[in-house]
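Just below is one structure, and these are the notes that go with it.
The analysis underlying the following values was restricted to heavy atoms, covering all of them including side chains, and did not include hydrogens, waters or symmetry mates.
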Amino acid sequence: DEYYLLGITFVFTTTVLISVLMASYITERLRLRSRQIIEARDSLKEKSEQLEEAFNELKKIHEEKSIFMRVTAHELRSPLSTIQTNLKIILDGYVSKVDPEQREILARLEQRVMNLIEVVGDLLKLSQFESVREKLEVEDLDINQSLDEIVGRLEIRAKSKKIRITVEKNKTPLILR
């Protein structure tokens with residue numbers, strides 16, 4: 001009986017000791033994992049802030065580039081137009097006579113100036129397009145819903161002309177972004 005109690009006490013004590021060790025080990029692992037999660041969260045937050053700063057810097061640079069393009073295009077357009085006008089005056093003979101060789105050189109020069117004016121105009125259009133694009137808000141477009149609206153508008157005319165409109169749509173909504 002004594003050995004029996006001693007054996008049960010030993011098993012109980014060993015079980016409690018193993019349970020305490022396991023609980024201690026699990027607790028330590030949880031603390032370590034918790035620290036890792038906190039560090040990862042802090043790192044992610046820091047990276048997110050860095051990304052936001054980089055994005056804001058990129059927006060600022062893009063805006064400065066757009067302003068530079070607009071200003072440069074306007075600054076180039078004026079003198080190029082003046083050069084083109086003066087070349088036209090010379091080529092039309094309003095200033096003095098131009099021999100054929102000079103006329104050919106001036107005509108090529110006028111063509112190059114016109115090409116440059118077109119490039120400057122394209123730069124202006126591009127900068128205007130970029131400023132408009134920045135103000136646009138992009139919305140999702142449900143193709144199925146748009147098809148329903150279009151078919152609804154056309155059905156009355158189609159029926160009066162005895163035309164039947166059928167549309168096969170996906171059961172899954174098609175969304176364009």
Side-chain angles (χ1 to χ4, degrees), residues 38-177:
I38 290 170
E39 288 172 3
R41 184 197 66 204
D42 292 344
S43 175
L44 184 60
K45 184 177 178 183
E46 182 180 323
K47 298 274 189 235
S48 176
E49 289 169 355
Q50 290 172 351
L51 186 60
E52 188 173 346
E53 286 176 22
F55 178 73
N56 289 335
E57 183 67 23
L58 187 61
K59 275 176 52 178
K60 180 181 170 190
I61 289 169
H62 179 71
E63 181 60 31
E64 289 172 358
K65 179 203 64 142
S66 295
I67 291 170
F68 175 77
M69 280 178 46
R70 282 193 300 273
V71 169
T72 302
H74 281 292
E75 292 296 321
L76 287 174
R77 180 179 256 178
S78 180
L80 286 172
S81 295
T82 302
I83 292 169
Q84 182 188 21
T85 302
N86 288 332
L87 285 170
K88 188 76 171 150
I89 289 170
I90 293 170
L91 285 170
D92 289 345
Y94 291 114
V95 177
S96 64
K97 285 205 169 218
V98 179
D99 66 49
E101 188 179 324
Q102 291 172 332
R103 178 172 296 286
E104 185 181 324
I105 291 169
L106 290 173
R108 283 195 311 244
L109 184 59
E110 181 185 30
Q111 185 59 45
R112 287 186 180 145
V113 168
M114 286 171 52
N115 289 345
L116 283 173
I117 289 173
E118 284 181 32
V119 168
V120 168
D122 291 344
L123 276 174
L124 277 172
K125 288 176 189 173
L126 180 64
S127 68
Q128 289 169 350
F129 173 74
E130 284 182 348
S131 77
V132 168
R133 186 183 68 188
E134 290 170 2
K135 295 174 186 170
L136 292 178
E137 290 185 29
V138 178
E139 294 181 5
D140 291 346
L141 173 66
D142 183 348
I143 299 295
N144 290 336
Q145 181 182 355
S146 295
L147 277 173
D148 289 341
E149 291 173 12
I150 292 168
V151 169
R153 291 181 192 153
L154 295 175
E155 259 181 342
I156 296 170
R157 259 196 228 154
K159 283 182 183 178
S160 70
K161 295 181 181 184
K162 297 182 182 181
I163 298 172
R164 194 178 111 194
I165 299 175
T166 56
V167 178
E168 292 183 26
K169 299 185 289 187
N170 279 345
K171 293 179 182 175
T172 309
L174 296 172
I175 306 292
L176 292 179
R177 295 183 186 216

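- Gln102 contributes atom CD, which lies 12.5 Å from atom CG of Leu109 (distance to the nearest 0.5 angstrom).
- Between Val98 and Arg103, the closest heavy-atom pair is CG1-N, 3.3 Å.
- Gln111 is linked by a side chain to side chain donor-acceptor pair (under 3.5 Å) to Asn115, counting only residues two or more places apart in sequence or in another chain.
- Asp99 places a side-chain N or O within donor-acceptor distance of the main-chain N or O of Glu101, the cut-off being under 3.5 Å.
- Ion pairing between Glu104 and Arg108 holds under the 4.0 Å rule for side-chain N and carboxylate O.
- Side-chain contact between Lys45 and Arg41 is absent, with no heavy-atom pair separated by less than 4.5 Å.
- Here the closest heavy-atom approach between residue Ile165 and residue Ala158 is recorded as CD1-CB, 3.7 Å.
- Between the side chain of Thr82 and the backbone N or O of Ser78, at least one donor-acceptor pair lies under 3.5 Å.
- Going from atom CG of Leu76 over to atom CG of Leu124 covers 9.5 Å, rounded to the nearest 0.5 Å.
- More than 12 heavy atoms of other residues, nucleotides or ligands lie within 6.0 Å of CD in Gln50, so this atom counts as buried by the packing criterion.
- Remark: the backbone N or O of Glu39 is not paired with any side-chain donor or acceptor of Ser43 at under 3.5 angstrom.
- Residue Ser66 holds its OG atom at 8.0 Å from CG of Leu126, rounded to the nearest 0.5 Å.
- How far CD1 of Ile83 is from CG of Asn86: 8.0 Å, rounded to the nearest 0.5 Å.
- Legend: residues meeting salt bridge (charged side-chain N to carboxylate O under 4.0 Å, His left out) with Glu155, ordered by chain and number and at least two apart, are absent.
- In this structure a side-chain-to-backbone donor-acceptor pair under 3.5 Å is missing from Ser48 to Leu44.
- When every heavy atom of Glu110 is checked against every heavy atom of Leu91, the shortest pair comes out as OE1-CD1, 3.2 Å.
- Within the model, atoms CD of Glu118 and CG of Leu80 stand 11.5 Å from one another, a figure rounded to the nearest 0.5 Å.
- Considering every non-hydrogen atom in both Gln84 and Val113, the closest pair reads CB-CG1, 3.8 Å.
- For Ala73 against Val120, the heavy-atom pair with the smallest separation is O-CG1, 3.0 Å.
- Between atom CD1 of residue Ile67 and atom OG1 of residue Thr72 there is a gap of 11.0 Å, rounded to the nearest 0.5 Å.
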